Protein chains: 2
Amino acid sequence: MREYLKNNLILQRLTDKQFENVLTRAKQISLADGDVLFQQGDEFRRFYLVVSGHMKLFRLAPDGNEKVIELVDAGHTFAEALMFLEQPRYPVGAIALGETDLISIDARHFQELLKSSVDLCMALLGDMSIRLRSLIREIDDLSLHSATCRVAAFILARAPDCRDDFELDIPKHVIASRISVKPETFSRIIKSLKSKNILEIKGSKVHLLDREALEEAADVCALPVDAS
Amino acid sequence: MREYLKNNLILQRLTDKQFENVLTRAKQISLADGDVLFQQGDEFRRFYLVVSGHMKLFRLAPDGNEKVIELVDAGHTFAEALMFLEQPRYPVGAIALGETDLISIDARHFQELLKSSVDLCMALLGDMSIRLRSLIREIDDLSLHSATCRVAAFILARAPDCRDDFELDIPKHVIASRISVKPETFSRIIKSLKSKNILEIKGSKVHLLDREALEEAADVCALPVDAS
DNA sequence: AAAGCGCTTTGACCCAGGTCAATTGTTATA
DNA sequence: TATAACAATTGACCTGGGTCAAAGCGCTTT
């Protein structure tokens, strides 16, 4: 646990003493697939670091529809931005995708620490502004780009740099929701990409046939990198 | 100028000495309607406070389509989140809507100040987490709600608490883009709301006929307040 | 190996909202 | 007061992607 915490970009800014201090109040949590960590609207008291597995953060519409806002992978924290709100409640629900280990950190306690370290504040600020930017990108994506673009971009983002074969370790319907598309549509887009000899997906195995074409499909509507 | 700065929720956390310090490097800027402050992709050096008027922040798709990300009203700052990125460029473009006065603040300089005040950091952190939340809401809106809902919600958000008549001081096509709808569609939605005796819009004058119905139209897909 | 369950895929159909083009305000400049 | 330039509205039409329903395909369980 100690090592995991040390790897996180925010937590590693802590002095040893501060760090030990955090540890005294941190809890380890193990979740099974589908376990609910908290629900949208629950009162906020703790934030979390993903040690292994994935967490799914989502919003629920009254009609029961859900939209995945973020998939949090190992090494990342989530919900810490709520520390600075008046009487915060979680704006999303969180459930585990597969076996997932977390460390939970007491918010109030951590906040005290923050007050004693500008450096730590700056780290957090940096982290939040990155998140802010990626949300802007997301809005941009949703309103300016087609479903096909989003699928292509998502696959590319998950593809390791120089490998054309890899695994999608997340169920397809979750991916679909992540990029705001219905599972049926997702399936159809994949099919159409296959018919163009761009990629193949069997089960969870992805095989890129024409990376360039895929990049183009994502690009058609994406913004120049230097401007985004 | 001094008073305006003092009204801003971030700036008011500064000690008098810090404040004077900021002033020495701040510039006043006056823009006419349509003036460009910066373009998407420009190098970031300063952030801004709106003193009067409105700024439009938008993203551009390669096909020339634009999507308004945010409308910044008087009293609010924008682009300050970029201070914490590595070699930041503006992720959006900014142009003035109508005559607009701004104060521009040197980022590097302000950052030095931040390092000397945890309190100020906390204020910024709070501000950013609010922004973060509102972006999440926005994504939620885009992917879970219909255009009609968004129109209704927008109008309501602009309506003063207990008044049924007020002005839309922003051109309709800008509003349309803000809520990711084409001007034609916006116009049609308004027409349909009028035919249901919910509201009337003449020029820039809005007249609410049935506030409750409008709230319901926005609600159909909106989340319970306490959970958002 | 059969049965059951939850994904994923496929087909048929539909509709909200986009596109295009023409018309009608509305300022603003001369 | 004409006229140009742009904003807003309207109509006709089209299409991306959603919905619904029915298979197909792995899985785990017995």
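All chains are named by letter (A, B, ...) in the order of the sequence lines, taking the proteins before the strands, and each is independently numbered beginning at 1. Everything quoted here is computed from the prediction, not taken from an experiment.
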Subject >> Short side-chain N/O contact from A/Lys191 to OP1 or OP2 of C/dG11, under 4.0 Å >> reply: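 So the side-chain polar atoms of A/Lys191 do come within 4.0 Å of the phosphate oxygens OP1 or OP2 of C/dG11, strictly under.
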**OP:** Tell me whether the OP1 or OP2 atom of C/dT9 has a side-chain N or O from A/Lys172 closer than 4.0 Å.
**Re:**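 Yes.
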Donor-acceptor contact present, side-chain [X] to main-chain [Y], <3.5 Å:
X	Y	result
B/Ser177	B/Val174	no
A/Arg59	A/Pro91	yes
B/Arg89	B/Gln40	no

Please report the distance, rounded to the nearest Å, between [atom1] in [X] and [atom2] in [N].
X	N	atom1	atom2	result
A/Phe186	C/dT9	CZ	P	8 Å
A/His173	D/dG18	NE2	C1'	18 Å
A/Asp33	C/dG6	CG	C1'	12 Å
B/Ile201	D/dT10	CD1	P	12 Å
A/Lys194	C/dT9	NZ	C1'	10 Å
A/Ile190	D/dG17	CD1	C1'	15 Å

Original post:
Between B/Lys56 and B/Glu66, is the closest basic N to carboxylate O distance under 4.0 Å?
Top reply: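 Yes.
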**OP:** Identify whether the distance between the nearest side-chain nitrogen and carboxylate oxygen of A/Arg131 and A/Glu80 falls below 4.0 Å.
**Re:**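 So A/Arg131 pairs with A/Glu80 through a salt bridge.
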Original post:
Quick one: side-chain hydrogen bond (donor to acceptor under 3.5 Å, both in side chains) partners of B/His76, sequence neighbours excluded?
Top reply: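 side-chain hydrogen bond (donor to acceptor under 3.5 Å, both in side chains) check on B/His76 returns nothing, list empty.
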Original post:
Side-chain donor-acceptor pair under 3.5 Å between B/Asp169 and B/His54, yes or no?
Top reply: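 Yes, because at least one side-chain N or O of B/Asp169 sits under 3.5 Å from a partner of the opposite role on B/His54.
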Original post:
For residues B/Ser187 and B/Lys172, is any side-chain donor paired with an opposing acceptor at under 3.5 Å?
Top reply: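 Per modelled atom types, B/Ser187 and B/Lys172 side chains form no pair under 3.5 Å.
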Original post:
Which angle, to the nearest 10 degrees, lies between the helix axes at the two ends of the helix from C/dA1-D/dT30 to C/dA30-D/dT1, each defined by five pairs?
Top reply: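 Here the local axes at opposite ends form an angle of 40°.
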**OP:** Among the candidates C/dG11, D/dT9, C/dT8, find the nucleotide nearest to the side-chain atoms of B/Ser187.
**Re:**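 It is D/dT9.
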Subject >> Close aromatic pair by centroid cut-off 6.0 Å: B/Phe47 and B/Phe110 >> reply: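 They qualify: ring centres under 6.0 Å apart.
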Original post:
If the sugar-phosphate is the primed atoms plus P, OP1 and OP2 and the base is the rest, what is the B/S/- string for nucleotides 14-21 of chain C, using protein heavy atoms under 4.0 Å?
Top reply: ---SSBB-
